[in-house]
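Computed from a predicted structure; not experimentally measured. The chain is numbered in sequence order, starting from 1.
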Amino acid sequence: METKDLLKKVRKIEIKTRRLSDHIFSGEYHTSFKGRGMTFSEVRQYQFGDDVRAIDWNVTARYNEPYIKVFEEERELTMMLMVDISGSESFGTKNQLKSEIVTEIAATMAFSATQNNDKIGLILFSDEIELYIPPKKGKSHVLRIIRELIEFKPKSNKTNITNALKFLSSVMKKKAIVFFISDFITDDNYEHTLKIAGKKHDITGIRVFDIREEKMPNIGMVNMLDAETGETMLVNTNSKSIRMEYEKYYREKVTFFKETFSKCGSGTVNTRVDESYVTKLLTYFKSR
């Protein structure tokens, strides 16, 4: 993609997603995710009803009257965007590809974090870690993340969620707000690694999918390409057993995603390409 075209795309996404984050998401994000803990603010004179456990005995002894320590919530957070850029994300039968919706969601979350002066980092993954951008603050940093989401070309088309979660645990030593965006169609069992990562981080899985992935249409003999392996297969979609087998496989992957994230104490959002991800995310934030 030429630089001029890239900048146009970045600007278009910035205008749309920044408006969403400014007017809709920033408040919900602020109230949904709390800081890491309490940080010292000041010392003031003791007042009736104050918690005696907060008395600063050193200051009290110095002034010969009781003083207490005042704490406030430590608001600054780190947001980590984990984005699946495997071959299956380049699928879409409506107006947009899954990868385009994924980019919009990631950009919206990034601008929401910026509104709260939080750091934002990015992990792009396939079955390997394709790109890691350490967390930083600022608009220029967010725009760099959007550029990478638009133009980065992965070395692999496959998916491995376990490897991505292991990498997260290795690079993020302090608690982070993690948005894991994928279609979650993978054969690897990521339950154990999610459980470990979820003990330290606040993780939300955002599943982006297309309506045509849920059911195989009955349209006769069709050449189908596996976007992750590159294999082409002639499939008889007239066959009811083949259609049922595909639907069973797909349902199993979706069920595993929902049950595993729930079991590990992590949140989930499910949004179809032709649906409003804004509505889905707002509903999720309000339910936390």
Any chance NZ of Lys200 has more than 12 other-residue heavy atoms, nucleotides or ligands included, within less than 6.0 Å?
yes
Would you say that more than 12 heavy atoms from the other residues, nucleotides or ligands in this model lie under 6.0 Å from the CD of Glu231, or not?
no
Distance (rounded to the nearest 0.5 Å) between [X] [atom1] and [Y] [atom2]:
X: Met79; Y: Asp202; atom1: CE; atom2: CG; answer: 10.5 Å
X: Lys280; Y: Asn270; atom1: NZ; atom2: CG; answer: 6.5 Å
X: Thr103; Y: Ile146; atom1: OG1; atom2: CD1; answer: 9.0 Å
X: Leu149; Y: Ile105; atom1: CG; atom2: CD1; answer: 11.5 Å
X: Ile177; Y: Ser112; atom1: CD1; atom2: OG; answer: 12.5 Å
X: Ile85; Y: Leu124; atom1: CD1; atom2: CG; answer: 4.5 Å

Pairwise side-chain contact, [X] with [Y], heavy-atom cut-off 4.5 Å (strictly under):
X: Val52; Y: Tyr46; result: yes
X: Val273; Y: Ile211; result: no
X: Met244; Y: Ser239; result: no
X: Leu234; Y: Asn223; result: yes
X: Ile120; Y: Thr114; result: yes
X: Lys158; Y: Ser126; result: no
X: Val102; Y: Asp84; result: no
X: Ile101; Y: Gln96; result: yes

Least distance between heavy atoms, [X] atom then [Y] atom:
X: Gly220; Y: Asn238; value: N-OD1, 3.4 Å
X: Leu81; Y: Ala106; value: CD1-O, 3.5 Å
X: His141; Y: Lys136; value: CD2-O, 3.3 Å

Between Asn163 and Glu128, does a side-chain contact (heavy atoms from CB on, under 4.5 Å) hold up when you go through it step by step?
CA-CA 7 Å; Asn163 285 347; Glu128 56 186 271; 5.9 Å; no
Would you find a donor on one side and an acceptor on the other, under 3.5 Å apart, between the side chain of Arg44 and the backbone of Ile68?
no
Measure from the side-chain N and O atoms of Thr255 to the backbone N and O of Arg251, and report whether any donor-acceptor pair falls under 3.5 Å.
yes
To which residues is Val178 joined in a hydrophobic cluster, defined by side-chain heavy-atom contacts under 4.5 Å among Ile, Leu, Val, Met, Phe, Trp and Tyr, whether direct or through other members?
Met80, Met82, Ile123, Phe125, Ile129, Tyr132, Ile161, Leu165, Phe167, Leu168, Val171, Met172, Phe180, Phe184, Tyr190, Leu194, Ile203, Phe256, Phe257, Phe261
Nonpolar side-chain network containing Tyr246, other nodes, edges under 4.5 Å:
Ile185, Phe209, Met216, Ile219, Val222, Met224, Met233, Val235, Ile242, Tyr249, Tyr250, Val254
Sole residue of Asp188, Asp183, Asn189 in side chain to side chain contact (heavy atoms under 4.5 Å, CB included) with Thr186:
Asp188
For the residue pair Asp127 and Ser156, confirm or rule out a side-chain donor-acceptor distance under 3.5 Å.
yes
Salt bridge (charged side-chain N to carboxylate O under 4.0 Å, His left out), paired with Glu213, selected from Lys98, Lys253, Arg272
Lys98
Do Lys215 and Arg243 pass the side-chain contact (heavy atoms from CB on, under 4.5 Å) test, and can you show the C-alpha distance, the side-chain angles, and the key distance before you say yes or no?
CA-CA 7 Å; Lys215 289 188 176 183; Arg243 293 199 308 274; over 6 Å; no
Would you mind checking if Lys248 and Glu252 are paired as a salt bridge, meaning a charged N to carboxylate O distance below 4.0 Å?
yes
Using a strict cut-off of less than 4.0 Å between a Lys/Arg side-chain nitrogen and an Asp/Glu carboxylate oxygen, indicate whether Arg212 and Asp210 qualify as a salt bridge.
no
For the side-chain hydrogen bond (donor to acceptor under 3.5 Å, both in side chains) test, which of Thr279, Thr204, Thr268 pairs with Tyr284?
Thr204
Mind running side chain to side chain donor-acceptor pair (under 3.5 Å) on Thr159 and Ser86 for me, showing each step along the way?
CA-CA 6 Å; Thr159 310; Ser86 62; 2.8 Å; yes
Under the side-chain contact (heavy atoms from CB on, under 4.5 Å) criterion, do Lys119 and Lys137 qualify, and how do the steps go?
CA-CA 5 Å; Lys119 296 177 181 176; Lys137 296 181 183 181; 3.8 Å; yes
